[in-house]
Amino acid sequence: MDADLRTLHRLMLVARRLDEEAIALQRQGVLPAYAPAKGQEAAQVASGAALDLNRDFAFPTYREVGVAVGMGVDLAAYLASHRNIWHGGLYDPQSSRLAPLNAIVGGPVLHAVGWAMGAKLDGTGGAAIAYFGDGASSQGDVHEAMNFAGVYRLPVVFFCQNNGWAISVPTERQVAGGSVAARAASYGIESLRVDGNDALAVFEATRAALERAREGGGPTVIEAMTYRMGPHSTSDDPGRYRTLEDEQAWAGRDPLVVAAQQLTAEEVAAAEEHAAAVVREVRESLVSLDVRPGEELFSFVYREPTKSLLAQQRAWKEHLDA
């Protein structure tokens, strides 16, 4: 899609207000846990909006609500994973082009590279985008994925959201050399750093990297420099490891503030009204979701069920009938 700042701001505001609502629902006991994304809306929404949903595929972590918004995914179905209704969400990955949520640190990167290898072999012309953080970049899985993608010149974009913190460890204490993008040269991969709080800059960088990948130019590492304004998770207290001064310094670079300064008051007010309506609808749909049937525990474990699994299924049915 083509994007302008007004459109991206509108989507970012939905992501921000939905993020706030999810935190409130967790505090109310509706959601068991949630990983806030406040401050990373530009990096997430704009990169997600840059995908071609007819042929590309995105591989998220557990903190990509903004990507889901940017891609137009059913948001109640997306949050079903956080409500513990269905692991990975209830949306259809194939039609939405967004893989299920992945809580394994670095895991989505391997999956994206595997998909990209398949796309290259099948000649589909699509590209994958893998989301991960600066902390995840220190995982061996990410090294292996980048090396493999570099060797085979795969159509994949490695999108690192450098939000400054690997839970409680600052980037400078766990990324040797201080730059994730700089590592790409070791794998023969193109790379760039972009202001992760500038939605238009992120959109253009991601769109260009995806186009290059589709045209056979190989992988790209994008390091979006941003800041996690909230806690790592709803069980985290960032005040234990970072200063209020640091948080206040980044507050002025809030991607929503930066975008709103370039829009009219009427445009911002209309976006707020739209976001409130979307969040209200998502909340109502999410709260009304029913618990999934128990037999589904046995339905999607193995392609060919094992004897042990079938025995457990029979025992479960006998328990229900007793």
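Predicted model, so just to flag it, every value in this text is computed and none were measured. Below, each value reflects all heavy atoms present in this structure, side chains not excepted, and no hydrogens, waters or symmetry copies.
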Inset, instruction - Scan residues 270-293 for pairs that pass ring pair (Phe, Tyr, Trp, His ring centres under 6.0 Å), counting only residues two or more places apart or in two chains. - result: none
Inset, instruction - Count the heavy atoms belonging to other residues, nucleotides or ligands that lie under 6.0 Å from CG of Leu192, then report whether that count exceeds 12. - result: yes
Inset, instruction - Check whether the side chains of Ser137 and Arg183 place a donor and an acceptor atom closer than 3.5 Å, and report yes or no. - result: yes
Inset, instruction - Please check if the distance between the ring centroids of His143 and Tyr187 is under 6.0 Å. - result: yes
Inset, instruction - Identify, with sequence neighbours excluded, every residue that meets side-chain hydrogen bond (donor to acceptor under 3.5 Å, both in side chains) alongside Glu273. - result: none
Inset, instruction - Identify, with sequence neighbours excluded, every residue that meets salt bridge (Lys or Arg N to Asp or Glu O under 4.0 Å) alongside Arg6. - result: none
Legend entry - Partner residues of Ser138 under the side-chain hydrogen bond (donor to acceptor under 3.5 Å, both in side chains) criterion, sequence neighbours left out: Gln174
Inset, instruction - Return the set of residues passing salt bridge (Lys or Arg N to Asp or Glu O under 4.0 Å) with Glu172 (not counting sequence neighbours), or none when no residue passes. - result: none
Inset, instruction - Could you tell me which residues satisfy ring pair (Phe, Tyr, Trp, His ring centres under 6.0 Å) with Tyr91, sequence neighbours excluded, listed by chain and number? - result: none
Legend entry - Any side-chain donor near an acceptor of the partner, Tyr62 and Ser81, under 3.5 Å: no
Inset, instruction - Could you tell me whether the side chain of Asn162 and the main chain of Met225 form a donor-acceptor pair under 3.5 Å? - result: no
Legend entry - ring pair (Phe, Tyr, Trp, His ring centres under 6.0 Å): pairs with one or both residues in residues 302-322, sequence neighbours excluded: Phe298-Trp316
Legend entry - Summary of salt bridge (Lys or Arg N to Asp or Glu O under 4.0 Å) pairs that have at least one residue in residues 221-234, sequence neighbours excluded: Arg193-Glu223, Arg228-Asp236
Inset, instruction - Tell me, please, which residues at least two apart from Asp198 pass side-chain hydrogen bond (donor to acceptor under 3.5 Å, both in side chains). - result: none
Inset, instruction - Classify the side-chain pair Ser299/Glu296 by whether it contains a donor and acceptor separated by less than 3.5 Å. - result: no
Legend entry - Non-neighbouring partners of Arg283 that pass salt bridge (Lys or Arg N to Asp or Glu O under 4.0 Å), sequence neighbours left out: Glu21
Legend entry - Side-chain donor-acceptor contact under 3.5 Å, Tyr227 with Asp246: yes
Inset, instruction - Go through the structure and list residues passing salt bridge (Lys or Arg N to Asp or Glu O under 4.0 Å) with Glu281, not counting sequence neighbours. - result: none
Legend entry - Test side-chain hydrogen bond (donor to acceptor under 3.5 Å, both in side chains) applied to Glu144 - qualifying residues, sequence neighbours left out: none
